[in-house]
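Computed over heavy atoms, backbone and side chain alike; hydrogens, waters and symmetry mates excluded.
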Amino acid sequence: MRALTWQGKRDVRVETVPDPEIVDATDIIVRITSTGICGSDLHLYEVLGPFLDPGDILGHEPMGIVEETGAEVTELAVGDRVVVPFNISCGTCWMCRQGLQSQCETTQVTDRGMGAALFGFSKLYGQVPGGQAELLRVPFGNTLPVKVAHGPPDQRFVYLSDVLPTAWQSVAYAGIPPGGSVTVLGLGPIGDMAARIALHRGAAEVFGVDLVPERLARARARGVHTLDLNEYGKGVGDEIRRLTEGRGSDAVIEAVGMEAHGAPLSRAAQNLAGRLPDAWGEKVMGRAGVDSMAAFNTAVDAVRRGGTISLIGVYGGSVDPVPMRTLFDKQIQLRMGQANVKHWVDVILPLLNDEDVLGVDDFATHTLPLEQGPQAYQSLQEKRDGMIKTILTP
């Protein structure tokens, strides 16, 4: 089969690799029809190379058609249409029963001290082949895949793999009071969708902060009060307070994470780690404070006293400097973590109809064949060509 593989920093290639096979009796093989490129994939492309090996298959936002089932699969049949959540969760362990599928005890990567395994996301999360490929082996065929109807286009459902549940969780964790306000930092796919969901769920004011004109315009068209970081810079918090009677917003959703703009020292550390041999690079990435804290510090500044920060942007450092005095003094609540995809599916799926209240049908800015994956990664990383969300079609 053809698959998009990691070969080095800023070097991904589509290659011919062996087809996946049924390994466990509850496995299924899915022929991928659509698969997204995520902002988290760009962390692998740019920063997390020490945790990858050449040839690793990327991608964790796939959907497709069941092509083969293991002997003990009873909930799906060949020909069924499924979305594959990015968490590899068994659905039956204690954590899964609590709705914490991202902490699945069956697939936890215990040798790394990490939570549930993820498709296509490095040694930190199990080094499991990902979904930017023609075929994907999916374990737990009875409990993990999300069966969807035939008929509507893939883009009606593909975001159930990651974007929709991740954004939904970020809004749920933000705890926006009825008629309250929220600031969304970063209007990439997750932040954009979080802003849409916040408005759908009744937030009176949604402020969106970014520096990419296309992202700002897209959010503005959906009713978001946008702030251009190029204009406000470190004064974002001051402007949010001006717009909220001097307090700050009730909640902040931080959808940027480790590669925030404007942190040259962190960027230098990340670049150094990426050039070191894997064993050394892992130590730098895992034990040094290599994240940019710019977006997080903006969140702390912009949220009102007694408010909530919902952290959904990915971080990788272990000793990042956190402003504990300010967090304590402002009585800020902080929630974070990988999305528990299956926990949110039942509430989201009824919204994916012809009414399209969240605008999923035209959410992607680009739909490209898998063979153009390397060019798409480059365009997304460089924020070129108006590219915000890309779907690849194997």
Side-chain angles (χ1 to χ4, degrees), residues 39 98-100 102-103 115 163-210 219 223-227 229 232 234 236-258 260 291-315 320-341 343-344 347-348 358:
Q98 311 313 305
L100 294 170
S102 67
Q103 310 302 324
V163 173
L164 282 165
T166 298
W168 195 280
Q169 178 171 298
S170 77
V171 175
Y173 279 13
I176 307 162
S181 61
V182 61
T183 298
V184 180
L185 300 178
L187 294 171
I190 301 299
D192 183 348
M193 185 56 72
R196 299 181 188 201
I197 291 169
L199 288 167
H200 171 73
R201 292 184 51 162
E205 295 179 295
V206 177
F207 308 109
V209 182
D210 207 290
V224 176
H225 183 132
T226 57
L227 302 176
L229 190 62
Y232 291 99
K234 294 183 179 179
V236 166
D238 292 333
E239 179 63 8
I240 296 297
R241 281 185 286 276
R242 187 186 73 80
L243 295 166
T244 55
E245 300 180 327
R247 296 188 187 93
S249 56
D250 295 309
V252 174
I253 295 171
E254 202 277 72
V256 179
M258 71 168 86
D291 295 331
S292 164
M293 300 302 291
F296 180 78
N297 290 334
T298 299
V300 174
D301 183 34
V303 71
R304 68 162 169 81
R305 291 179 178 273
T308 301
I309 295 173
S310 175
L311 186 64
I312 205 69
V314 174
Y315 282 86
D320 291 327
V322 176
M324 287 301 299
R325 183 179 67 182
T326 304
L327 288 167
F328 181 85
D329 180 65
K330 290 185 72 173
Q331 200 170 335
I332 291 170
Q333 300 178 74
L334 182 61
R335 295 200 71 181
M336 67 185 83
Q338 298 278 9
N340 303 297
V341 173
H343 182 68
W344 306 108
V347 71
I348 297 171
L358 299 178

*Return the minimal non-hydrogen interatomic distance between Gly179 and Ala204, and the atom names on each side.*
O-CB, 3.2 Å
*asked:* I'd like to check the salt bridge (Lys or Arg N to Asp or Glu O under 4.0 Å) partners of Arg305; sequence neighbours left out, ordered by chain and number.
replied: Asp329
*Tell me, please, which residues at least two apart from Glu205 pass side-chain hydrogen bond (donor to acceptor under 3.5 Å, both in side chains).*
none
*For Gln338, what residues pass the side-chain hydrogen bond (donor to acceptor under 3.5 Å, both in side chains) criterion, not counting sequence neighbours?*
none
*Which pairs, with at least one residue in residues 164-178 and sequence neighbours excluded, count as a side chain to side chain donor-acceptor pair (under 3.5 Å)?*
Asp162-Thr166, Gln169-Asn340, Gln169-Trp344
*Partners passing side-chain hydrogen bond (donor to acceptor under 3.5 Å, both in side chains) against Asn297 (at least two apart in sequence or in another chain)*: none
*Output every pair passing salt bridge (Lys or Arg N to Asp or Glu O under 4.0 Å) with a member in residues 169-179, not counting sequence neighbours, ordered by first then second residue.*
none
*Minimum-distance pair of heavy atoms, taken over all atoms of Val252 and Ala299*: CG1-CB, 3.6 Å
*Identify the heavy atoms of Ala251 and Val303 that sit nearest to each other, and give their distance.*
CA-CG2, 4.1 Å
*Residues which pass side-chain hydrogen bond (donor to acceptor under 3.5 Å, both in side chains) with Ser249, listed by chain and number, not counting sequence neighbours*: Thr183
*Report yes if the side chains of Leu327 and Val300 come closer than 4.5 Å at any heavy-atom pair, otherwise no.*
yes
*asked:* Out of the candidates Thr226, Val171, Ile176, Leu199, only one should pair with Val206 under the side-chain contact (heavy atoms from CB on, under 4.5 Å) rule; please name it.
replied: Leu199
_Give me the atom names and distance for the closest heavy-atom approach of Ile312 to Gly337._
CD1-O, 3.6 Å
_Going by side chain to side chain contact (heavy atoms under 4.5 Å, CB included), name the residues that satisfy it together with Gln333, two or more places apart in sequence or in a different chain._
Thr308
*Enter the distance from Tyr232:OH to Ile240:CD1 here, rounded to the nearest 0.5 Å.*
9.0 Å
*Hey, could you give me the CG/CG distance between Leu187 and Leu229, rounded to the nearest 0.5 Å?*
10.5 Å
_So, using salt bridge (Lys or Arg N to Asp or Glu O under 4.0 Å) as the criterion, who are the partners of Arg247 when residues are at least two apart?_
Glu245
*Only counting residues at least two apart or in another chain, list the ones meeting ring pair (Phe, Tyr, Trp, His ring centres under 6.0 Å) with His225.*
Phe207
*What's the spacing between Ile309 CD1 and Ile253 CD1 if we round to 0.5 Å?*
11.5 Å
Run the side-chain donor-acceptor check on residues 190-198: report pairs under 3.5 Å with partners two or more places apart or on a different chain.
unit_1: Asp192; atom_1: OD1; unit_2: Arg196; atom_2: NE; d: 2.9
unit_1: Asp192; atom_1: OD2; unit_2: Arg218; atom_2: NE; d: 2.6
unit_1: Arg196; atom_1: NH1; unit_2: Leu358; atom_2: O; d: 3.0
unit_1: Arg196; atom_1: NH1; unit_2: Gly359; atom_2: O; d: 3.2

_List the residues meeting salt bridge (Lys or Arg N to Asp or Glu O under 4.0 Å) with Arg304, not counting sequence neighbours, and say none if there are none._
Asp250
*Taking Asp301 as the fixed residue, which of Arg241, Lys234, Lys330 is the one that meets the salt bridge (Lys or Arg N to Asp or Glu O under 4.0 Å) rule?*
Arg241
